[in-house]
Protein chains: 2
Amino acid sequence: MNKNKDVAGEEQSGALMADVARLAGVAISTVSRALANPGRVNEKTRARINAAAKQLGYTPNAMARGLRVGKSNTIMIILPGSPYYGASQIIPQVLQSINKSLIQQGYNLMIANLDREEVSERHILDLAFGGTVRGAIIFSSKLPEIDGRSPADSGLPIVSMLFDMSDAGLPSVVTNDREAIREATTELIRSGHRRFLYIAGPTGNYHDVERYGGVLEALRAGGLSEEAVSRSGGELEYQHGFEIGIRAVDDFMKLAARPTAVIATSDDMAISFMSRIQRAGLSVPGDISIVSFDGSPVCEFCSPPLSTIEQPVEEMGRAAVGLLLDAVRQTENAVAMRTIIRSRLILRESIASPKG
Amino acid sequence: MNKNKDVAGEEQSGALMADVARLAGVAISTVSRALANPGRVNEKTRARINAAAKQLGYTPNAMARGLRVGKSNTIMIILPGSPYYGASQIIPQVLQSINKSLIQQGYNLMIANLDREEVSERHILDLAFGGTVRGAIIFSSKLPEIDGRSPADSGLPIVSMLFDMSDAGLPSVVTNDREAIREATTELIRSGHRRFLYIAGPTGNYHDVERYGGVLEALRAGGLSEEAVSRSGGELEYQHGFEIGIRAVDDFMKLAARPTAVIATSDDMAISFMSRIQRAGLSVPGDISIVSFDGSPVCEFCSPPLSTIEQPVEEMGRAAVGLLLDAVRQTENAVAMRTIIRSRLILRESIASPKG
DNA sequence: TTGTATGCGTTATCAC
DNA sequence: GTGATAACGCATACAA
């Protein structure tokens, strides 16, 4: 029954359930039950079956199973596409965390990239509508769409991570961007800062709205006007953080009343900004204090060490998986539309009181 | 025939080939041919079928297809598992590059993690033997193994990336570690350096052997003895690059005759080493020159900017995919066992002539 | 508790 | 050039 050519005694793959059944002396259906369900079968025959399966090195064919039960056990993660992700240096950690959680629950992780190319978008749609995946975790504020169809129309459970897309009906796992950056700004104000430069990712983007909003709230609470903060950036995506930081130096230099503190919305921006501003002869934190967002490990080793807001990405990954699998399993207890995992401000030497 | 409940006019997923056939007024088998093969079917009926498929939003069921043809179109990438990958900050780029190449050829990318936990190893084996994946790209020098079975026994095409595993029979895509680091060391010697500290990943590891070998070759060629270089590290994996760099500072300080140049085997090691050595009052490149390996974008923004050997990871990714798909398609022209993509030394201000 | 029979959605082998 | 029909490997309804 095993179709494989026995290549010189080499153990090829491909033992089937039928092979196991024959070796154990039972029917195929009995093998199926024994391997899947906990009870339902005599202990002695179960033992025979397990032994036979082990002896043959039997591994169930996932595609046959998936076809039969009408569902796959693969989850897709949709990552923002770009030459490199450096921006948030967190993707590998997220992948690690999500994959680990999924494996423990018996799921696989497939990755998809969402750049603006049609082939990528079509690929995602095919995955969604072709029954290949059972659910998706998305890392982007926009879903792919072709011919007016988006993965959301597939009936596939989707959860958003990092971006709050609860308005669009997607359960979202986010961090408290607004609050965290408000706290950081408050800390700067407390240190005596009164003029700020805010370095932004794409304008209007969820994170921009939240984070900039947090800055403004802190200013108000501190009795300062919105005039106290200047904006830089706004055109480039987060992926181009280093470039954004470099450009921000130009913006900074042009300002009549120079800010004494910089709030960057990603570590990359802060790192390149700090590098170039120091080269221009200014000192950190002597002339300028800097705080940023992401919590990349590398920040600890900048000179001076960079204060940053650390996103608990592993915890967020676990939460996203939890939410997604709840939806996948149709657990009817309504899934939370918004799960907030708190970020943590790590204070390092890049922040000090302004001179004078 | 479509089993889906038409929820209030909402277009649910799930048009089948049978649905398309009925709408186009042909048999299922004709639809199958029309959608798959180039010729083989009348142009007019093909047009009708395509129209029907589009109208219904038909997407072929990948699992059914896979089951029927006996092969999947999913490739698995096996990543080294660890709390975070930071070490070589290259994983996201690699993933991006590999995924893009695969999609263009009609394949999907699944990720698997290889940590030392049994659940992970078993997962990889299941993927390999369960017919879920068609081939694998591995990023680790050791294959998972359970009950004496490894993915290599599955008959699955596997290619190794970064590590040269051609000895184990795996086609490998690597960079010219040895030559690149020899070149870097030669550059240091040319600048006048005579005493070196080499910061290592795991001792005996492929990269360690190659890179350290490159250092020794350069020393010999420069008329220096092996005594000219001291080693630090050797216990921790590359993932713990920052920690390795920190420990290297201690080793450095203990040396009677202090090296004037440091060769780090990853950017992370160099970054944390530099940070801590500067804090200890030494200057780079005044007292110590530093060069490292990886080519992370962040190196440009260190102070001083860090010289590093840039691995062309995207090109390596493309090459790995090419090799793998050649094997998958049974293209009988023997696949190259070792493909070398050349690294490039990026000279920056972390290197200068030693004092005196 | 176990065996028999059917079908998941597709491709491939036949006839026509 | 097109249409029936039989697998692919497994899970389940039902019969025994």
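Labels below follow one simple rule: chain letters A, B, ... track the order of the sequence lines, proteins then strands, and each chain is numbered from 1.
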Would you mind reading off the distance between [X] atom [atom1] and [N] atom [atom2], rounded to a whole angstrom?
X: A/Arg46; N: C/dT1; atom1: CZ; atom2: C1'; value: 12 Å
X: A/Asp126; N: C/dG9; atom1: CG; atom2: P; value: 18 Å
X: A/Asn42; N: C/dG3; atom1: CG; atom2: C1'; value: 15 Å
X: B/Ile28; N: D/dA7; atom1: CD1; atom2: C1'; value: 14 Å
X: B/Asp19; N: C/dG9; atom1: CG; atom2: P; value: 10 Å
X: B/Leu35; N: C/dT11; atom1: CG; atom2: C1'; value: 12 Å

> Tell me the side chain to side chain donor-acceptor pair (under 3.5 Å) pairs involving residues 98-110 of chain B, sequence neighbours left out?
Replying inline: A/Asn113-B/Asn99, A/Glu117-B/Lys100, A/His123-B/Asn108, B/Gln105-B/Arg329
>> Near DNA chain D, counting only heavy atoms under 4.0 Å, which residues of residues 62-75 of chain B show up?
In response: B/Leu67, B/Arg68
> When rounded to the nearest 0.5 angstrom, what distance separates CD1 in A/Ile146 from OG in A/Ser120?
Replying inline: 9.0 Å
> Roughly how far, to the nearest 0.5 Å, is CG of B/Leu102 from CD1 of B/Ile77?
Replying inline: 8.5 Å
>> Go through it in stages, so that I can follow the logic: the residues are A/Asp126 and A/Thr132, the test is side-chain contact (heavy atoms from CB on, under 4.5 Å), and I'd like the CA-CA distance, side-chain angles, deciding distance and then a yes or no.
In response: CA-CA 8 Å; A/Asp126 286 349; A/Thr132 307; over 6 Å; no
> Want to settle it: does A/Arg33 or A/Met17 sit nearer the 5' end of DNA chain D, counting the closest nucleotide to each?
Replying inline: A/Met17
> Looking at B/Glu315 and B/Arg318, does any basic side-chain N land under 4.0 Å from a carboxylate oxygen?
Replying inline: no
> When you measure from the side chain of B/Ser166 to the backbone N and O of B/Gly169, does any donor-acceptor pair fall under 3.5 Å?
Replying inline: no
> Nearest of C/dT11, D/dT12, D/dT2 to any side-chain atom of A/Ser32?
Replying inline: D/dT12
> Does C/dT10 have OP1 or OP2 sitting under 4.0 Å from an N or O in the side chain of B/Tyr58?
Replying inline: yes
> Can you find a donor-acceptor N/O pair under 3.5 angstrom joining the side chain of A/Ser29 to the base of D/dA11?
Replying inline: no
